[in-house]
There are 2 protein chains.
Amino acid sequence: MKRVKKKLFSDFIAQKGLKSTRQRDTILEFFLASDRHMSIEELYLKVRAKHPNIGYATVYRTLKLFAEAGLAREIQFGDGQTRYEHVNEGEHHDHLVCTRCGTIVEFENPVIEKLQDEVALSHGFLIETHKMELYGLCPKCRK
Amino acid sequence: MKRVKKKLFSDFIAQKGLKSTRQRDTILEFFLASDRHMSIEELYLKVRAKHPNIGYATVYRTLKLFAEAGLAREIQFGDGQTRYEHVNEGEHHDHLVCTRCGTIVEFENPVIEKLQDEVALSHGFLIETHKMELYGLCPKCRK
DNA sequence: TTGTTTATGAAAATCACTTTCACTGACTGG
DNA sequence: CCAGTCAGTGAAAGTGATTTTCATAAACAA
Ligand SMILES: [Mn+2]
Ligand SMILES: [Mn+2]
Ligand SMILES: [Zn+2]
Ligand SMILES: [Zn+2]
């Protein structure tokens with residue numbers, strides 16, 4: 001899995017005529033080992049703890065690259081921080097977000113997806129992406 | 001309709017021990033007359049055209065008040081601008097957003113809403129709000 | 001009116017990126 | 001190898017959209 005992702009990234013690097021660097025390898029390593037929804041800052045701090053010489057700008061730029069390479073996706077939960085999540089070929093999911101503790105749960109619901117397409121169609125829209133987030137209290141925070 | 005909203009706001013003001021000011025009345029007037037999805041800047045410019053003495057900070061603070069009073073809702077379409085839309089008692093809708101021209105179409109779909117509740121329930125979440133946006137090309141931009 | 005308290009506007013401060021720039025360090029092709 | 005070339009990096013400066021501060025003004029209760 002990690003191997004596959006690393007291959008995907010190095011292929012992307014090669015095909016784009018970019019360079020393979022220690023920093024990119026390190027950041028990819030940490031990204032692959034990370035929680036599924038990391039802000040740039042969070043990942044930067046994790047990387048920084050082991051590699052104090054890697055700058056914020058590099059983490060920022062590298063995450064953009066991951067997104068371009070199809071390894072990561074930018075997400076926005078309205079807390080003012082951009083997050084990056086892992087992308088797996090052919091997968092799609094939406095999110096439940098706990099408004100108290102921040103827990104994020106992923107879910108898939110093909111029926112909803114299908115209805116979304118129908119809604120779009122009925123308004124003449126050609127859908128490219130969508131965003132669906134359900135905000136509320138997670139089981140723990142309900143108690 | 002406008003009358004009802006104005007009453008709602010003045011009641012909110014009174015009940016909170018806040019003050020009724022010319023600025024707030026003016027901004028409410030412009031908000032009620034506005035498009036359904038205005039950024040702070042957009043509303044500020046409209047107000048400013050007629051009332052050059054009203055500051056950005058006041059528009060900003062007043063929109064927050066409208067949201068608190070239940071007159072407005074903050075929305076975020078990922079273009080880096082916070083927008084405010086009108087809230088009508090007992091109404092709810094989601095959005096189709098054109099990625100080319102920015103057109104926003106509102107829609108309601110009770111079936112999707114119901115399925116969302118079921119998803120939340122099945123994960124033990126108690127939903128407070130949700131967000132669903134479908135991004136793509138509007139009929140005009142498809143051509 | 002007066003006194004007290006909240007509101008306002010201009011400007012400064014924040015925040016989360018995003019870009020710049022001088023210096024590094026990958027790769028190429030001799 | 002080995003230098004030359006060009007992309008990559010990190011620190012710092014710049015951006016854009018808020019968000020807060022603070023001196024002054026305006027509500028409104030007494
Ligand atoms: Mn989805
Ligand atoms: Mn909805
Ligand atoms: Zn929680
Ligand atoms: Zn369009």
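Every chain is numbered from 1, with letters handed out A, B, ... down the list of sequences. Because the structure is predicted, anything quoted here is derived from the model rather than measured.
Going from atom OG1 of B/Thr26 over to atom CD1 of B/Ile54 covers 4.5 Å, rounded to the nearest 0.5 Å.
Put simply, the side chain of B/Arg142 gets close to the backbone of A/Gly124: a donor and an acceptor are under 3.5 Å apart. One N or O on the side chain of B/Arg83 and one on the backbone of B/His37 form a donor-acceptor pair closer than 3.5 Å.
B/Phe125 has its side chain within reach of A/Val105: a pair of non-hydrogen atoms, C-beta onward, lies under 4.5 Å apart. Contact annotation: the side chain of A/Thr62 never approaches that of A/Leu28 to less than 4.5 Å [non-hydrogen atoms, C-beta and beyond]. B/Tyr44 places none of its side-chain heavy atoms less than 4.5 Å from the side chain of B/Tyr60. Side-chain contact between B/Val47 and B/Gln23: absent, with no pair of heavy atoms (C-beta onward) separated by less than 4.5 Å.
Against DNA chain D, the stretch residues 9-21 of chain A makes heavy-atom approaches under 4.0 Å through A/Leu18, A/Lys19, A/Thr21. Taking every heavy atom of residues 70-83 of chain B and every atom of DNA chain D, pairs under 4.0 Å involve B/Gly80, B/Gln81, B/Thr82, by number. Residues from residues 24-59 of chain A placing a heavy atom under 4.0 Å of any atom in DNA chain D, listed by number, are A/Arg24, A/Asn53, A/Ile54, A/Gly55, A/Ala57, A/Thr58.
Side-chain nitrogen and oxygen atoms of B/Lys64 include at least one within less than 4.0 Å of the OP1 or OP2 phosphate oxygen of D/dT19. Residue B/Tyr60 places at least one side-chain N or O under 4.0 Å from the OP1 or OP2 atom of D/dT19. Here B/Gln23 reaches the OP1 or OP2 of C/dG9: one of its side-chain N or O atoms lies under 4.0 Å away.
In plain terms, the two heavy atoms of A/Thr103 and A/Cys101 that are nearest each other are OG1-SG, 2.9 Å. Considering every non-hydrogen atom in both A/Leu137 and A/Thr99, the closest pair reads CD2-OG1, 3.9 Å.
Checked against a 6.0 Å centroid threshold, the rings of B/Phe31 and B/Phe66 count as neighbours.
Below 30°, between 30° and 60°, or above 60°: for B/Phe12 and B/Phe9 the angle between ring planes is below 30°, a parallel geometry.
The base of C/dT6 lies outside donor-acceptor range of the side chain of B/Arg61, with no N or O pair under 3.5 Å.
Nearer the 5' end of DNA chain D, as judged by each residue's closest nucleotide, is the contact made by B/Tyr84, out of B/Arg22 and B/Tyr84.
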